[in-house]
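The structure under discussion appears below in the form of structure tokens.
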Amino acid sequence: MNINLPHFNMKNLVKEAGSTISRVVQLTEEKLGTTERTEYDLHFQNLAERADVTKAWTEKLVKDTESVLIPNPQNRVEDYIFEKIDKSKPKRVSNLEHLALDMIEAGGDFGQDLPYGQALIKVGQAEQKLGQCEHDFIATSGICFTQPLRKFLEGEMKTISKERGILDSKRLDLDACKNRVKKARSMLGQQSAERDLRVAQAEFDRQSEITKLLLDGISTSQASHLRHLHAFIQTQVRYYKQCGDVMEQLQRELAKMQHPKPRLRINSEDVDGGPPSSVSMHSCDSDSVVGVALDSDNDIDKSLTNLLEDFNIEFDTTAISTVIFVTECSPVNEDYMYAKQGLMKGLVPRAFVEMLDEEHDVTL
């Protein structure tokens with residue numbers, strides 16, 4: 001039976017082992033400070049430092065972004081495993097979608113014809129839309145931002161790290177050859193050491209140029225990362241706008257379901273029956289008859305008119321006055337009086353009412 005054994009080049013194997021040993025010896029002597037080492041030029045050091053900073057911050061940005069998109073670390077680990085084994089990610093139901101399903105189910109049990117049940121169902125449907133917007137945002141952000149950055153780390157940065165490692169090995173070989181030249185005593189040994197030094201110097205220079213070119217390419221990569229960042233922001237803006245649209249639509253639908261508030265009719269205009277937030281309204285001791293004086297001869301204070309507009313109250317200064325019952329509020333308020341007209345009640349500005357004499361014949 002023929003067995004195919006791998007072919008080993010013993011000469012290359014011994015040479016590689018010798019190089020490894022010499023590198024270890026050189027590195028040990030450098031750490032002990034017993035020998036000199038070749039320093040990289042300032043430009044190369046700046047490029048290398050920028051590469052290290054870029055790698056560290058890109059890794060952190062990717063990690064932080066994924067934490068924002070997928071807060072659950074277990075889900076992130078699971079997604080990473082599925083990517084490595086080339087399998088599709090499982091479809092998960094988000095917390096928003098869980099809430100939406102429970103709200104819809106609760107609304108059905110409480111009664112779809114009742115206000116609370118209807119509201120729960122509508123809110124649940126809105127939460128479902130928010131959940132779908134969230135899924136789309138996560139997927140799009142991964143495509144336009146995190147995946148390109150991760151590809152950069154796993155591709156270009158790994159290549160740079162590999163070439164820098166080779167350069168460090170060439171530098172150790174070069175320094176080891178320099179030491180052998182210094183220690184060579186015989187003419188034959190010195191010639192051999194100088195030949196090895198020239199070869200090591202050429203290999204070091206060539207590897208140094210290769211590594212510099214790769215390090216210079218980081219500027220181009222960062223320009224690409226800037227485009228990815230803009231795309232991520234556009235995706236985020238679109239996501240929040242979609243969420244805002246969903247919630248505004250939900251507010252409009254819920255507002256239609258609310259019962260109308262009691263309204264007080266003054267000068268043929270409907271005014272909300274509730275008092276301004278800054279005025280307390282309590283029960284009144286007695287009623288008095290007043291007429292709201294708003295004819296064309298009255299001068300209305302401009303500042304008070306603006307205040308009324310803030311409360312969405314509009315008065316027609318040419319309209320005929322309306323007769324209503326008013327009393328003082330308890331405690332007394334300098335600007336408002338408590339008013340009633342039929343089943344409607346509320347606050348009216350004191351400056352817009354005029355007390356009627358008892359001799360006036362009032363019919364409501």
Side-chain angles (χ1 to χ4, degrees), residues 47 49-104 122-161 213-255:
L47 291 176
E49 182 179 354
R50 186 181 63 172
D52 293 336
V53 171
T54 300
K55 180 177 182 294
W57 278 112
T58 303
E59 290 175 343
K60 186 172 180 58
L61 290 174
V62 170
K63 181 180 178 181
D64 291 346
T65 305
E66 290 178 343
S67 298
V68 171
L69 297 176
I70 307 175
N72 191 334
Q74 182 177 350
N75 290 344
R76 295 200 300 273
V77 172
E78 188 178 26
D79 291 344
Y80 179 77
I81 294 174
F82 274 96
E83 288 178 0
K84 292 301 180 182
I85 63 177
D86 197 17
K87 295 287 185 179
S88 58
K89 298 179 184 179
K91 176 67 175 179
R92 300 190 189 94
V93 179
S94 66
N95 293 335
L96 277 175
E97 291 171 325
H98 275 299
L99 175 62
L101 293 174
D102 289 342
M103 281 186 167
I104 293 174
K122 287 187 177 297
V123 173
Q125 292 171 345
E127 298 295 339
Q128 279 185 327
K129 294 179 181 178
L130 292 178
Q132 185 57 50
C133 291
E134 184 182 29
H135 282 301
D136 296 340
F137 171 58
I138 293 173
T140 307
S141 298
I143 294 173
C144 72
F145 188 62
T146 58
Q147 290 181 11
L149 264 61
R150 188 175 292 280
K151 185 177 180 181
F152 163 76
L153 292 171
E154 296 178 352
E156 186 174 343
M157 283 308 305
K158 279 190 175 181
T159 302
I160 291 175
S161 299
L213 289 175
L214 292 174
L215 292 174
D216 281 329
I218 290 181
S219 299
T220 304
S221 298
Q222 288 184 345
S224 177
H225 295 171
L226 178 60
R227 293 194 297 270
H228 297 317
L229 179 61
H230 281 290
F232 173 63
I233 295 303
Q234 291 175 359
T235 302
Q236 207 167 16
V237 169
R238 183 167 58 251
Y239 165 64
Y240 287 125
K241 184 179 183 303
Q242 290 173 346
C243 292
D245 293 342
V246 171
M247 297 311 296
E248 288 178 0
Q249 178 64 28
L250 175 62
Q251 281 186 322
R252 288 192 292 267
E253 292 179 356
L254 292 178

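Values below: every heavy atom of this structure, side chains too, minus hydrogens, waters and symmetry copies.
- Counting heavy-atom neighbours within 6.0 Å of Gln147 CD, excluding the residue itself, gives a total above 12.
- Atom CD1 of Ile70 is separated from atom OG1 of Thr65 by 11.5 Å, given to the nearest 0.5 angstrom.
- Residues Arg227 and Pro148 fail the side-chain proximity criterion, which asks for heavy atoms closer than 4.5 Å.
- Residues Ala100 and Glu127 approach most closely at CB-CB, 3.6 Å, considering heavy atoms.
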What verdict does the side-chain hydrogen bond (donor to acceptor under 3.5 Å, both in side chains) test give for Ser94 and His98, after you've listed the backbone C-alpha separation in whole Å, the side-chain angles of each residue and the deciding distance to 0.1 Å?
CA-CA 6 Å; Ser94 66; His98 275 299; over 6 Å; no
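- Nearest heavy-atom pair, Leu215 versus Ala51, reported as atom, atom and distance to 0.1 Å: CD2-CB, 3.6 Å.
- The shortest distance between side-chain heavy atoms of Asn75 and Glu78 falls below 4.5 Å.
- Under the 4.5 Å side-chain criterion, counting only non-hydrogen atoms from C-beta, Val123 is in contact with Leu254.
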For residues 234-241, dump all side-chain donor-acceptor pairs below 3.5 Å to protein atoms at least two apart in sequence or in another chain.
residue : atom : partner : partner atom : Å
Thr235  : OG1  : Ala231  : O            : 2.9
Lys241  : NZ   : Asp245  : OD2          : 3.1

In a table with atom names and distances, give each donor-acceptor pair under 3.5 Å that connects a side chain of residues 55-63 to protein atoms at least two apart or in another chain.
residue : atom : partner : partner atom : Å
Lys55   : NZ   : Glu59   : OE2          : 2.8
Thr58   : OG1  : Thr54   : O            : 2.6

Do Thr140 and Phe145 pass the side-chain contact (heavy atoms from CB on, under 4.5 Å) test, and can you show the C-alpha distance, the side-chain angles, and the key distance before you say yes or no?
CA-CA 8 Å; Thr140 307; Phe145 188 62; over 6 Å; no
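- The shortest side-chain heavy-atom distance between Leu250 and Lys122 falls under the 4.5 Å cut-off.
- There is a side-chain donor-acceptor pair under 3.5 Å between Glu253 and Gln249.
- For the residue pair His225/Ser221, the side-chain donor-acceptor check at 3.5 Å is not satisfied.
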For residues 128-135, which side-chain donor-acceptor pairs fall under 3.5 Å, sequence neighbours excluded?
residue : atom : partner : partner atom : Å
Gln132  : NE2  : Asp136  : OD1          : 3.1
His135  : NE2  : Glu97   : OE1          : 3.0
His135  : NE2  : Glu97   : OE2          : 3.3

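- Applying the 6.0 Å contact sphere to CD of Glu154 captures more than 12 heavy atoms from other residues, nucleotides or ligands.
- Residues Ile218 and Leu47 are not in side-chain contact: their nearest non-hydrogen atoms beyond the backbone lie 4.5 Å or more apart.
- Remark: Gln222 CD to Phe152 CZ distance equals 7.5 Å, nearest 0.5 Å.
- Note that the CD1 atom of Ile138 and the CD atom of Glu66 stand 11.0 Å from one another [nearest 0.5 Å].
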